[in-house]
Number of protein chains: 2
Amino acid sequence: MLHDEVVARIRDQLIEGRIAPGARIPERELCQTLDISRTPLREALKVLAAEGHVVLLPNRGARAAKLTLADVRDLFEVSAALESAGGELACQRITDAELAFIAARHAEMEAHYTARDMRAYYACNRAIHEAIMRASGNAVLIGIYESVSARIRRARYVAPMTEPHWRSALQEHAAMLNALERRDGPMLAMILKTHLRHKGSEVERAGFATL
Amino acid sequence: MLHDEVVARIRDQLIEGRIAPGARIPERELCQTLDISRTPLREALKVLAAEGHVVLLPNRGARAAKLTLADVRDLFEVSAALESAGGELACQRITDAELAFIAARHAEMEAHYTARDMRAYYACNRAIHEAIMRASGNAVLIGIYESVSARIRRARYVAPMTEPHWRSALQEHAAMLNALERRDGPMLAMILKTHLRHKGSEVERAGFATL
DNA sequence: ATAACCAATTTTGAATGCAATTTTGCTATT
DNA sequence: AATAGCAAAATTGCATTCAAAATTGGTTAT
């Protein structure tokens, strides 16, 4: 198994909560599960620590990072900054094909809203946000966005949207698509910032304590 | 030596260009220099690869990352996004003490400009930008900013400012301080964005090809 | 003379082994 | 019964070792 694959596998376990936040990471056990020895596992843990998914205590092993309320606030603030910048750049650089892709996902998303299929809705929602970031054409920005998104994802799992928030989120998305089509960068940046602030406060309110 | 210290030491060598961009990293030699064995060194290289300072080629070793023109453009765009967001948050959260510290550094910086001491000027400049980011109170933002700044730093070394650009940079800094004092977040964000765009295009123009 | 191929050397990637630190469980004392 | 102290066990961190892959140098054939 390749190094990056080991990192990705463990990261997935952390994001999906299969390794509980704050839990000690059983080095021995993971070695058996992944069928690798301690050396490559420890290399992976060091990388995950640099990414913020894991906390390393000297001589006391690795623990799955625990998101505090402050962390969630910080992550959403950063995400807002990254996405608004990405949106602004996307308006300068997006191709018609990319725009069509986003419009298609948006249409799907509206259907999922009507059908009250929240899981499918989330998938479209995420695809749209990622597509906008890709359209920014900025590899560094995309990389950091993915890293921050991964850390946020766990927090979002435990925060199902309320109906009124869901409706207004959809309206914000419609406005986003409109701004993108008009290549109105500052407008899209503003909408995304607001959109992310709403998402953030929703997550912070809705039983985030359970993490 | 602690793991983080190993990472920091190698990172410094990369940033300062003591290990040339694109150069193969002599694993053996570094082991002797740092007086550690290959295991901790390799762990450090993996972390530095995750940070973007090093490129790892499977079965073919590590190389110091080489900044392309696209990388520099990307990094400055991201830095602009991070700093403008940081500035906006700082306006909400900055303390009088932090503001006084920045004002003092700004005064020093003007003196260094008058004395045409570019090295001292740069030190103040960096202290101010870092102080603004710290005042944002967002640990995640600060961490990402430091990482991006580190990658940018090498590019800046080779781009000495021209006199007219220096003068206008100083004016922008004066405007920044003014916006901070008035806690005018949107204004500070705008100035920082412009300031970073100027810095970026200056670096991109000025003999960046030498990297 | 150049290019292709093959062997020798070097280098990478991973497993194992060993010393040091921490944690755990037991005993003894209050 | 509860706590402090101590010894045993486990775990961490690093050095060493070993197999696999890549690079290097030399030789041969065109």
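Letters go in sequence order (proteins before strands), and every chain restarts at 1.
Atoms CG (A/L57) and C1' (C/dT23) sit 14 Å apart, rounded to a whole Å. Rounding to whole angstrom units, CG of residue B/L2 and C1' of C/dA20 are separated by 15 Å. Rounded to an integer number of Å, the gap from B/D4 CG to D/dG13 P is 11 Å.
Within residues 26-53 of chain B, the residues approaching DNA chain C are B/E27, B/R38, B/R42, by heavy-atom distance under 4.0 Å.
Judged purely by atom type and a 3.5 angstrom limit, B/T194 uses its side chain to pair as donor or acceptor with the backbone of B/M190.
Every salt bridge (Lys or Arg N to Asp or Glu O under 4.0 Å) that A/R18 has, sequence neighbours left out, goes to A/E16. Evaluation of the side-chain contact (heavy atoms from CB on, under 4.5 Å) rule for A/D71 yields A/L67, A/T68 as partners, not counting sequence neighbours.
Between A/E43 and A/K46, no side-chain nitrogen of the basic residue sits less than 4.0 Å from a carboxylate oxygen of the acidic one, so the salt-bridge criterion is not met.
Listed by first and then second residue, the side chain to side chain donor-acceptor pair (under 3.5 Å) pairs involving residues 51-63 of chain B are B/R11-B/E51 (not counting sequence neighbours). For the salt bridge (charged side-chain N to carboxylate O under 4.0 Å, His left out) condition, the pairs that include at least one residue of residues 129-147 of chain A, sequence neighbours left out, are A/R126-A/E130.
The minimum heavy-atom distance linking B/A80 with B/L196 is given by the pair CB-CB, 3.7 Å.
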Using a cutoff of under 3.5 Å, can you pull out all pairs of nitrogen or oxygen atoms linking the protein to nucleotides 21-25 of chain D, with atom names and distances?
| unit_1 | atom_1 | unit_2 | atom_2 | d |
| --- | --- | --- | --- | --- |
| D/dT23 | OP1 | B/R60 | NE | 2.8 |
| D/dT23 | OP1 | B/R60 | NH2 | 2.9 |

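The 12-atom threshold is not exceeded at CD of A/E29, counting heavy atoms of other residues, nucleotides or ligands nearer than 6.0 Å.
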